[in-house]
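In what follows, a single structure is set out as structure tokens and then discussed.
Position 1 is the first residue of the sequence, and the numbers go up from there.
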Amino acid sequence: MHKLWSASVTKLGKVFFKLSMRLKSSGGRPSASLGSRILTNPDDIFQHNMWDHVQWTEEDRENAFQKAKENSSVRLPLKEQDKFDTAASQYWDKFYETHQTKFFKDRRAPGVDTESGHHQLTDPLHHHRHTDAFHFQECCQEVAAEKHETDNASFPGQLVSFRILEVGCGVGNSVFPILDNIRETDSFLYCCDFSPQAIQLVKGHPHYDDSVCHAFVHDICDETSSFPFPPQSLDVILAVFVLSSIHPQRIQGVVNHLSTYLKQGGVFLFRDYGRYDHSQLRFKKGQCLSENFYTRGDGTCVYFFTKEEVHHLFSQAGLQEIQNLEDRRLQVNRGKKVVMRRVWMQSKYRKSDLLSTS
């Protein structure tokens, strides 16, 4: 059984690696590997569309701070803020009803069309439903361990060895590349979103297969709502540009609750917006709800994290840090000669193995 389990993890690692490579290489992204394009000569800034590991000067930090301070100086009145929390699923439902599956085209890596430099509907400056390269292969190798038995109740995916949950899956733009590769592995994918319209679109996709996937409507902020699997049954939880859409006061409770569904040794993968990302700095006055938390024109919301906040968030949930990085890049519109400083958080936290803590 252990050999089968290890083989399953290895196969899934390859799946995630292929997915990350696909996302990096599609949509006109630069051919250089992620993290390998370093700007050493300022005169070369418009030679490529993206530069990695960008260091900020004190002047850069101060300028960003002042811009965020200015755009948050006028906040939306409290009496008008409740609707963005209580009616969040309705805003997303309306969004998916309008755009259907056309929000992302051809499973390209979301963002700016790096060849033309034009912002499209897939621009993560406007929406958060996208997946970036996330070193899935490394993660899956790290969580390889003895198979843990779950309770005896029947549930979808009960008989497999490796279970993944993606929260806030949208219309499945990261779901289906994974499904296309895990059909021959001993793995199962759960995916949920609180938008019924999104889940309807996922289930209507020609590649949806309930023998390897279970898509369901679920509000991860509602701790009284049960999941279709028992606690301590998941190997990986994936939250990519999802937690930022939740009110800051509710995020800790969400992470705490989700973490109870991880097996011992399971891993929580997180990627989201970082403090002073370009998208934060371009908000206008009156769109700020609270400190570093904004609403977009369509009613969806976004929070911008710091490295320290992310660590506190997952540590408070009882998880141990594997990785917690600020992914700072320089995104360039070569046509318009515009430079945008992007900041994303990329983190991996593990639920302690009983053997390692004994």
>> Can you confirm whether Glu291 is buried at CD, in the sense that more than 12 heavy atoms of other residues, nucleotides or ligands lie under 6.0 Å from that atom?
In response: no
> Does Arg163 reach the side chain of Ser233, with side-chain heavy atoms less than 4.5 Å apart?
Replying inline: yes
> Going through the checks in order, is the salt bridge (charged side-chain N to carboxylate O under 4.0 Å, His left out) test met by Asp235 and Lys263?
Replying inline: CA-CA 6 Å; Asp235 296 276; Lys263 296 176 182 178; 3.2 Å; yes
> Which pair of heavy atoms, one from Pro228 and one from Pro156, lies closest together, and at what distance?
Replying inline: O-CD, 3.4 Å
>> Less than 6.0 angstrom separating the ring centers of Phe270 and Phe268, yes or no?
In response: no
> Within a strict 4.5 Å, meaning less than it, do heavy atoms of the Phe293 and Cys288 side chains meet?
Replying inline: no
> Counting only N and O atoms by type, is there a donor-acceptor contact under 3.5 Å from the side chain of Asp272 to the main-chain atoms of Met345?
Replying inline: no
> Side chains of Leu243 and Val255: does their closest heavy-atom pair fall under 4.5 Å?
Replying inline: yes
> With no hydrogens and no angle check, is any side-chain donor or acceptor of Arg37 less than 3.5 Å from a backbone partner on His53?
Replying inline: no
> CZ of Phe314 to CG of Leu258: how many Å apart, nearest 0.5 Å?
Replying inline: 9.0 Å
> Would a distance-only check, ignoring hydrogens and angles, find a side-chain to backbone donor-acceptor pair under 3.5 Å from Gln252 to Leu313?
Replying inline: yes
> Where does the angle between the aromatic ring planes of Tyr294 and Phe304 fall among parallel (under 30°), tilted (30 to 60°) and perpendicular (over 60°)?
Replying inline: perpendicular
> Do you see a donor-acceptor pair shorter than 3.5 Å between the side chains of His311 and Glu321?
Replying inline: yes
> Applying the side chain to side chain contact (heavy atoms under 4.5 Å, CB included) test to Leu234, which of Phe188, Tyr190, Phe162 qualifies?
Replying inline: Tyr190
> Between Trp56 and Arg328, is there a cation-pi geometry (under 6.0 Å to ring centre, at most 45° from the normal)?
Replying inline: yes
> Measuring from Ser352:OG to Leu319:CG, what's the distance to the nearest 0.5 Å?
Replying inline: 7.5 Å
> Where is the tightest heavy-atom contact between Cys213 and Cys191, given as atom of each residue plus distance?
Replying inline: SG-SG, 3.8 Å
> So, does Ser72 use its side chain to make a donor-acceptor pair with the main chain of Ala68 at under 3.5 Å?
Replying inline: yes
> After noting the C-alpha distance and the side-chain angles of Glu223 and His257, does the key distance pass the side chain to side chain contact (heavy atoms under 4.5 Å, CB included) rule?
Replying inline: CA-CA 7 Å; Glu223 297 182 19; His257 186 58; 4.2 Å; yes
> Rounded to the nearest 0.5 Å, how far apart are CD1 of Ile237 and CG of Leu269?
Replying inline: 9.5 Å
>> Just to verify, what does Phe227 make a ring pair (Phe, Tyr, Trp, His ring centres under 6.0 Å) with, not counting sequence neighbours?
In response: His218, Phe229, Tyr261
> Is Leu189 reachable from Ile199 through a run of hydrophobic residues whose side-chain heavy atoms are each under 4.5 Å from the next?
Replying inline: no
> Where the side chain of Thr306 meets the backbone of Glu309, is there a donor-acceptor pair that is under 3.5 Å apart?
Replying inline: yes
> Does the Tyr273 side chain pair with the main chain of Ser279, one donor and one acceptor, at a distance under 3.5 Å?
Replying inline: no
> Looking only at atom types and distance, does a side-chain atom of Lys351 sit under 3.5 Å from a main-chain N or O of Leu262, one as donor and one as acceptor?
Replying inline: yes
> Below 4.5 Å, heavy atoms only, C-beta onward: do Arg341 and Leu330 meet side chain to side chain?
Replying inline: yes
>> Once rounded to the nearest 0.5 Å, what's the spacing between atom CG of Leu289 and atom CZ of Arg75?
In response: 9.0 Å
> Given side chains that start at C-beta, do those of His278 and Gln331 come closer than 4.5 Å, heavy atoms only?
Replying inline: no
>> Using a strict threshold of under 4.0 Å (side-chain N to carboxylate O), is an ion pair present between Asp327 and Arg342?
In response: no
> In Å and rounded to the nearest 0.5 Å, what is the NZ to CD distance from Lys285 to Glu70?
Replying inline: 5.0 Å
> Is a side-chain donor or acceptor of Ser225 paired with a backbone partner of Asp222 at a separation under 3.5 angstrom?
Replying inline: no
> Where the side chain of Gln280 meets the backbone of Tyr276, is there a donor-acceptor pair that is under 3.5 Å apart?
Replying inline: yes
> Would Ser195 and Asp193 satisfy side chain to side chain donor-acceptor pair (under 3.5 Å), going step by step from the backbone distance to the final call?
Replying inline: CA-CA 5 Å; Ser195 166; Asp193 200 283; 4.5 Å; no
> Given the rule in the side chain to side chain contact (heavy atoms under 4.5 Å, CB included) test, do Arg275 and Asn292 qualify, once you have shown the distances and angles that lead to the verdict?
Replying inline: CA-CA 8 Å; Arg275 187 69 47 85; Asn292 302 300; 3.2 Å; yes
> Between Gln346 and Arg271, is any side-chain donor less than 3.5 angstrom from a side-chain acceptor?
Replying inline: yes
>> With a 4.5 Å cut-off on side-chain heavy-atom distances among I, L, V, M, F, W and Y, is there a chain of contacts connecting Ile322 to Leu238?
In response: yes
> Please walk me through it: do Tyr349 and Gln323 pass side chain to side chain contact (heavy atoms under 4.5 Å, CB included)?
Replying inline: CA-CA 7 Å; Tyr349 280 79; Gln323 178 191 80; over 6 Å; no
> So do Val242 and Ile220 actually touch side chain to side chain, heavy atoms under 4.5 Å?
Replying inline: yes
> Relative to each other, are the rings of Phe176 and His207 parallel, tilted or perpendicular (30° and 60° limits)?
Replying inline: perpendicular
> Quick one: which of Val171, Ile178, Leu179 gives a side chain to side chain contact (heavy atoms under 4.5 Å, CB included) with Val175?
Replying inline: Leu179
>> To check you understand the geometry: which heavy-atom pair defines the closest contact between Leu281 and Ala64, and what is its length?
In response: CD2-O, 3.4 Å
> Does the side chain of Ile246 come within less than 4.5 Å of Cys221's, by heavy atoms?
Replying inline: yes
>> Which label fits Phe216 and His214: parallel for a plane angle under 30°, tilted from 30 to 60°, or perpendicular past 60°?
In response: parallel
> About how many Å separate CD of Glu59 and CD of Glu62, when rounded to the nearest 0.5 Å?
Replying inline: 9.5 Å
>> Assess the residue pair Val160 and Ser187 against the criterion (side chain to side chain contact (heavy atoms under 4.5 Å, CB included)); give the C-alpha distance rounded to whole Å, side-chain angles, the decisive distance to 0.1 Å, and a yes or no.
In response: CA-CA 6 Å; Val160 304; Ser187 310; 5.8 Å; no
